[in-house]
K.L.:
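Questions regarding the structure given below will be posed in turn.
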Amino acid sequence: NNTSAPAAVQIRIADRQVDVDGGETTRDNDKEFAIYPAQMILPPQSTRSVRVQWIGDPNLKEEKAYRIIAEQLPVNLSKERPKSSNVKLLVSYHGALFVTPSGLSQNVTLDFFGVSQDPEQKRMLELVLHNRGTQHALLRDLKLTIKDDRGNVVTLSDETALKGMIGETVLAKLRRRFLLRWPRNLHGTPKQAEFTFDKQAF
């Protein structure tokens with residue numbers, strides 16, 4: 001708590017589901033984790049550690065993805081009554097949490113690549129990645145090479161060209177679709193695509 005006022009905080013875990021376009025939904029999970037303390041009062045300018053323990057299935061065959069959520073509660077901790085109405089913004093932090101048994105691996109393949117359009121009808125490069133492995137993959141240090149039917153070859157590796165794709169996560173057994181700005185030097189129809197990324201990044 002880096003503010004000058006005390007804060008009431010609650011810690012919870014939520015199942016994490018991600019659709020093909022990256023949309024995420026969560027659902028509270030109160031059976032597979034033990035959290036201590038789950039609620040606390042943080043004094044001003046203070047730090048507190050929280051213990052999160054997995055108490056679910058000890059024989060998982062693949063990784064499970066969750067969100068750990070720390071959220072400020074709407075509790076008035078001031079001894080003084082407010083003299084006027086006001087709006088208070090409550091803080092919520094969402095972190096990635098993975099339960100990963102040993103011996104798992106990622107296996108990301110390119111299921112589809114081709115031409116698409118954004119909502120403004122601009123030409124886009126569409127790619128669908130599929131992680132057939134048992135562990136999530138983080139697309140860090142990503143490099144994408146595209147060849148079209150006219151013999152043009154472009155390699156994309158910077159954050160601007162790969163915006164919306166680089167650094168993203170592909171969970172185990174799931175697909176992710178990405179739309180990239182059309183490469184300037186690609187003039188024909190994409191015919192071949194290859195990609196690499198840092199498979200040691202988590």
K.L.:
Output the distance between atom CG (L174) and atom NE2 (H130), rounded to the nearest 0.5 Å.
P.N.:
7.5 Å
K.L.:
Look at the rings of Y66 and F33 and say which category their plane angle falls in: under 30° parallel, 30 to 60° tilted, over 60° perpendicular.
P.N.:
perpendicular
K.L.:
Between L144 and T155, is the side-chain contact (heavy atoms from CB on, under 4.5 Å) condition met? List the steps.
P.N.:
CA-CA 6 Å; L144 175 66; T155 298; over 6 Å; no
K.L.:
Do Q135 and Q106 have side-chain atoms, one donor and one acceptor, less than 3.5 Å apart?
P.N.:
no
K.L.:
Could you tell me which non-hydrogen atom of L138 sits nearest to which non-hydrogen atom of G167, and how far apart they are?
P.N.:
CD1-O, 3.2 Å
K.L.:
Tell me if the CD atom of E159 is crowded by more than 12 foreign heavy atoms within 6.0 Å.
P.N.:
no
K.L.:
Given side-chain contact (heavy atoms from CB on, under 4.5 Å), test V115 with M124 step by step and report yes or no.
P.N.:
CA-CA 6 Å; V115 183; M124 304 288 286; over 6 Å; no
K.L.:
Looking at CD of E62 and CG of L171, how far apart are the two atoms once the value is rounded to the nearest 0.5 Å?
P.N.:
10.5 Å
K.L.:
What is the minimum heavy-atom distance between D149 and G188, and which atoms define it?
P.N.:
OD1-CA, 3.4 Å
K.L.:
How far does CG of D148 sit from OG1 of T189, to the nearest 0.5 angstrom?
P.N.:
7.5 Å
K.L.:
Looking at every heavy atom in both P44 and P6, which two are closest together, and how far apart are they?
P.N.:
CG-N, 3.7 Å
K.L.:
Applying a strict under-4.5 Å side-chain criterion to I, L, V, M, F, W and Y, I'd like to know whether L142 and V154 cluster together.
P.N.:
yes
K.L.:
Does the pair T145 and F195 meet the rule for a side-chain contact (heavy atoms from CB on, under 4.5 Å), with working shown?
P.N.:
CA-CA 6 Å; T145 300; F195 71 97; over 6 Å; no
K.L.:
Quick one: does any side-chain atom of N131 pair with a main-chain N or O of N107 as donor and acceptor, under 3.5 Å?
P.N.:
yes
K.L.:
Closest heavy-atom contact between I35 and I11?
P.N.:
CD1-O, 3.8 Å
K.L.:
Out of curiosity, does L125 fall in the hydrophobic cluster containing V108 (side-chain heavy atoms, cut-off under 4.5 Å, transitive links)?
P.N.:
yes
K.L.:
Is there a path of hydrophobic side-chain contacts, each under 4.5 Å between heavy atoms of I, L, V, M, F, W or Y residues, that connects W54 with I69?
P.N.:
no
K.L.:
I want to check something: taking the side chain as every heavy atom from C-beta on, are S116 and R123 in contact at a cut-off of under 4.5 Å?
P.N.:
no
K.L.:
Are any non-hydrogen side-chain atoms of K147 and K191 less than 4.5 angstrom apart?
P.N.:
no
K.L.:
Please check if V9 and V75 belong to a single hydrophobic cluster, counting links between Ile, Leu, Val, Met, Phe, Trp and Tyr side chain heavy atoms closer than 4.5 Å.
P.N.:
no
K.L.:
Write out all pairs satisfying salt bridge (Lys or Arg N to Asp or Glu O under 4.0 Å) with one or both partners inside residues 14-40, taking only residues at least two apart or from two chains.
P.N.:
R12-D28, D15-R27, R16-E24, D21-R177, E24-R67, E32-K64
K.L.:
Side chains of F178 and E168, heavy atoms from C-beta outward: is any pair under 4.5 Å?
P.N.:
yes
K.L.:
Is D198 reaching over with its side chain to a backbone N or O of R140, donor-acceptor style, under 3.5 angstrom?
P.N.:
no
K.L.:
Using modelled atom types and a 3.5 Å cut-off, is there a donor and acceptor pairing between side-chain atoms of D141 and backbone atoms of F197?
P.N.:
no
K.L.:
Going through the distances and angles, do L139 and L129 end up as a side-chain contact (heavy atoms from CB on, under 4.5 Å)?
P.N.:
CA-CA 11 Å; L139 302 179; L129 300 186; 3.8 Å; yes
K.L.:
So do R181 and T160 actually touch side chain to side chain, heavy atoms under 4.5 Å?
P.N.:
yes
K.L.:
Can V20 be reached from V170 by stepping across I, L, V, M, F, W or Y side chains whose heavy atoms are under 4.5 Å apart?
P.N.:
no
K.L.:
Quick check for you: to the nearest 0.5 Å, what is the distance between Q72 atom CD and L42 atom CG?
P.N.:
9.5 Å
K.L.:
So, for A172 and G133, which heavy atoms are closest and what is the spacing to 0.1 Å?
P.N.:
CB-O, 3.6 Å
K.L.:
Between the side chains of E63 and T100, is a donor N or O closer than 3.5 angstrom to an acceptor N or O?
P.N.:
yes
K.L.:
Is atom OH of Y36 surrounded by more than 12 heavy atoms (other residues, nucleotides or ligands) closer than 6.0 Å?
P.N.:
no
K.L.:
Heavy atoms only: give me the nearest R176-V18 pair and the separation to one decimal.
P.N.:
CD-CG1, 4.1 Å
K.L.:
Quick one: which residue pairs count as a salt bridge (Lys or Arg N to Asp or Glu O under 4.0 Å) with a foot in residues 108-121, not counting sequence neighbours?
P.N.:
D111-R132, D111-R175, E120-K122
K.L.:
Hey, are the side chains of P190 and W182 touching, using non-hydrogen atoms and a 4.5 Å cut-off?
P.N.:
yes
K.L.:
Quick check for you: to the nearest 0.5 Å, what is the distance between L156 atom CG and M165 atom CE?
P.N.:
9.5 Å
K.L.:
Can you name the side chain to side chain donor-acceptor pair (under 3.5 Å) partners of T3, sequence neighbours left out?
P.N.:
N1
K.L.:
Side chains of I13 and V52: closer than 4.5 Å at any heavy-atom pair?
P.N.:
yes
